[in-house]
There are 2 protein chains.
Amino acid sequence: MNLTRADDGPSPGLNCGRRNSSSSVGFCRKCAVQTRAFCAALDDAALAQLEQLHTICDLADEENLFTEGDPAAAFFTVLKGALRLSKSLPDGRRQITGFALPGEFIGLAAEQLYVHNADALTDVSLCRFSILDLERIGEEFPKMNSRLLAMTNSSLSLAQDHMLLLGRMNALEKTANFLCGLIDRAAAADQPTDPLALPMCRADIADYLGLTIETVSRTFTRLKVDKIISLPEHNRVRVNDTAALLRLAEG
Amino acid sequence: MNLTRADDGPSPGLNCGRRNSSSSVGFCRKCAVQTRAFCAALDDAALAQLEQLHTICDLADEENLFTEGDPAAAFFTVLKGALRLSKSLPDGRRQITGFALPGEFIGLAAEQLYVHNADALTDVSLCRFSILDLERIGEEFPKMNSRLLAMTNSSLSLAQDHMLLLGRMNALEKTANFLCGLIDRAAAADQPTDPLALPMCRADIADYLGLTIETVSRTFTRLKVDKIISLPEHNRVRVNDTAALLRLAEG
DNA sequence: CGGCCTATTGAATTTCTTCAAATAGTGTGG
DNA sequence: CCACACTATTTGAAGAAATTCAATAGGCCG
């Protein structure tokens, strides 16, 4: 069988729909995140077929990829950059439910509508698949469905960890946990951790931890005063006492 | 192909391992939750095969099904009753991440270990599958994997809603949201909603909402004083002003 | 250099928690 | 069937943590 790409109309994002796939055969095999993404389950032959279905999609800093309630036309693998996933209450209060990093996929919804907002935190590059192709992909490549399931389960587990944080940790523990999580993920992506980069602003951190920006700021200051971290720049953290930070992060 | 059941040793729970399947052919087709459970994706022939793999498992009130960190040997569909899913910090602070009701499945972990605790809230009856069979089930019945994926995505969406609640709602909104959610689920399961049953105690509600039992109690009292609800019994709620409750629940 | 945005700091206030006590409900043994 | 004990729930008062409002400091860009 030869899979052909479903045409599902225009995509969000300025640069969505570029077709790297058709111009460069073997694109997927050279993909930087291929070993971590959901397509890691596939062998070369299957990968070559899947390659026909994807498009590349670029977003600038702060650009919106999709919004809660939008028809869910596509799902994405993050190739480069980071996105912010969030939900909001009618009056504007916002909860960031997670940050999507390279290798992770976003946009799979149980129903036909996206369940949260996705916004670019940095310049972002995405690998896009039509949701119309998902069912066929699943039937053609059962391994892929298993992998999607495993990755979704892993997101669910992270979500549950985060519920514990939101419901039962204090500001200091939340912040320490956030920093430890960032360090782990930076390390996993072979990015520097000693001066750890904070790709998001205080408001994003606050909305991720269920705090206000003032409380986040005060908590950073407290960690600084206690000599557990230092802040060479607003968006850069140096951890002086990893053990102490971990102790706080565990509750 | 004929699927045979993987033997993975003893199961938790007093009455685990009863083999209804072998004694009554067509058991699955008569199952009360079959249309809602993950096996709803299967046709009769596939269902008959799957039937060979399951065992029935009963738990008494407050009994533990599995604990965070246990080897994940099996996953379950709730047939009857309700379970409490929770995670805890080392010092005992607990967050209930959800309640599992009939038709839902629990125990699927991305890694080999369970990621949370599951305890019976009432007497519970479960349909048990060995995790060893999962991979084969997925390959044999691709539709089943799609359905598992959709159901997991739906759990993930609920988890994200709950993060918004935990991080950004106040006690009144949290409680109203909790009650509205219970009403919806009771209605979906064709259970009475006017005197709505609360199968869990105040401590469980508190740990679900990220509050203390005292705050939950005070909030119930406040809703009562405002004539939005009444409490004929501690475990029974009557909603007098659904519109007001919904308004609060939305934030 | 000035303006603008983000982050930090301070003071007052609110919400929720903690600690303590009273009340209601439930089950048990006599 | 009742008294008693035990537990769950409610209520009250004091305290703590985080928020809100307000002002200041630090960066960045034109």
Side-chain angles (χ1 to χ4, degrees), chain A residues 61-62 84 89 91-95 121-122 165-179 195 197-226 229-238 248 251, chain B residues 60-62 84 89 91-96 121-122 165-179 195 197-226 229-238 248 251:
Chain A
D61 195 12
E62 288 302 317
R84 176 176 63 217
L89 292 172
D91 65 2
R93 279 174 288 173
R94 184 181 69 155
Q95 178 65 46
L121 214 55
T122 62
L165 176 146
L166 289 170
R168 289 298 180 219
M169 283 185 168
N170 62 32
L172 202 57
E173 294 165 339
K174 284 178 175 181
T175 307
N177 195 294
F178 164 72
L179 289 175
L198 301 180
M200 65 292 283
C201 66
R202 295 292 183 272
D204 285 341
I205 298 174
D207 283 347
Y208 181 60
L209 299 179
L211 299 170
T212 59
I213 50 175
E214 292 94 334
T215 301
V216 170
S217 186
R218 279 184 250 272
T219 309
F220 273 127
T221 302
R222 164 109 184 256
L223 288 171
K224 220 166 49 180
V225 168
D226 292 352
I229 64 168
S230 30
L231 288 172
E233 299 165 57
H234 285 158
N235 296 324
R236 220 161 281 279
V237 178
R238 196 175 279 274
L248 284 173
Chain B
D61 194 12
E62 288 301 317
R84 174 176 64 217
L89 293 172
D91 66 2
R93 280 174 287 173
R94 184 182 69 154
Q95 178 65 45
I96 292 177
L121 214 55
T122 62
L165 176 147
L166 289 171
R168 288 298 180 220
M169 283 185 169
N170 62 33
L172 201 57
E173 294 166 339
K174 284 178 174 181
T175 307
N177 195 295
F178 163 72
L179 288 175
L198 301 180
M200 65 291 283
C201 65
R202 295 291 182 273
D204 286 341
I205 298 174
D207 282 348
Y208 182 60
L209 299 179
L211 299 171
T212 58
I213 50 175
E214 293 93 335
T215 301
V216 170
S217 184
R218 279 185 249 272
T219 309
F220 273 128
T221 303
R222 164 109 184 257
L223 288 171
K224 220 166 49 180
V225 168
D226 292 352
I229 63 168
S230 31
L231 288 173
E233 298 165 57
H234 285 156
N235 297 325
R236 219 161 282 279
V237 178
R238 196 175 279 274
L248 284 173

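Below, read A as the first sequence line, B as the second, and so on, with proteins coming before strands; counting in each chain starts at 1. Only this structure's heavy atoms are used, side chains among them; waters, hydrogens and symmetry mates stay out. Everything numeric in this text was worked out from a predicted model, so none of it was measured.
In this structure, I205(A) reaches neither bases nor backbone, as no heavy-atom distance under 4.0 Å exists between it and the strands shown.
Residue L165(B) contributes atom CG, which lies 12 Å from atom P of dC16(C) at whole-angstrom precision. In this structure, CE of M200(A) is placed 22 Å from P of dC5(C), rounded to the nearest angstrom. Whole-Å rounding puts the D207(A) CG to dA7(C) P distance at 12 Å. Atom CD1 in I213(B) sits roughly 12 Å away from atom C1' in dT11(D) (whole-Å rounding). One atom, CZ of F220(B), and another, C1' of dA24(C), lie 16 Å apart when rounded to the nearest Å. A straight line from CG of L231(A) to P of dA7(C) spans 11 Å, rounded to a whole angstrom. As a whole-Å value, the separation of L166(B) CG from dC16(C) C1' is 15 Å. The distance between atom CZ of R236(B) and atom P of dT26(C), rounded to the nearest whole Å, is 11 Å.
Distance OG1/T175(A) to OH/Y208(A): 11.5 Å, rounded to 0.5 Å. Rounding to the nearest 0.5 Å gives a distance of 4.0 Å between CD of E173(B) and CG of N170(B). Atom CD1 of I205(A) and atom CG of L211(A) lie 10.5 Å apart (nearest 0.5 Å).
When each of R94(A), M200(A), Q95(A) is paired with D207(A), the side chain to side chain contact (heavy atoms under 4.5 Å, CB included) condition holds for R94(A) and for no other.
The existence of a salt bridge linking E62(B) and R84(B) is confirmed by a sub-4.0 Å separation between a basic side-chain nitrogen and an acidic carboxylate oxygen.
Proximity of L179(B) to L198(B): side-chain heavy atoms (C-beta onward) are separated by under 4.5 Å at one or more points.
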Margin query: How would you summarise protein contacts on nucleotides 18-30 of chain D per nucleotide, using B for base, S for sugar-phosphate only and - for none, with heavy-atom distances below 4.0 Å?
Written below: SBBB---------

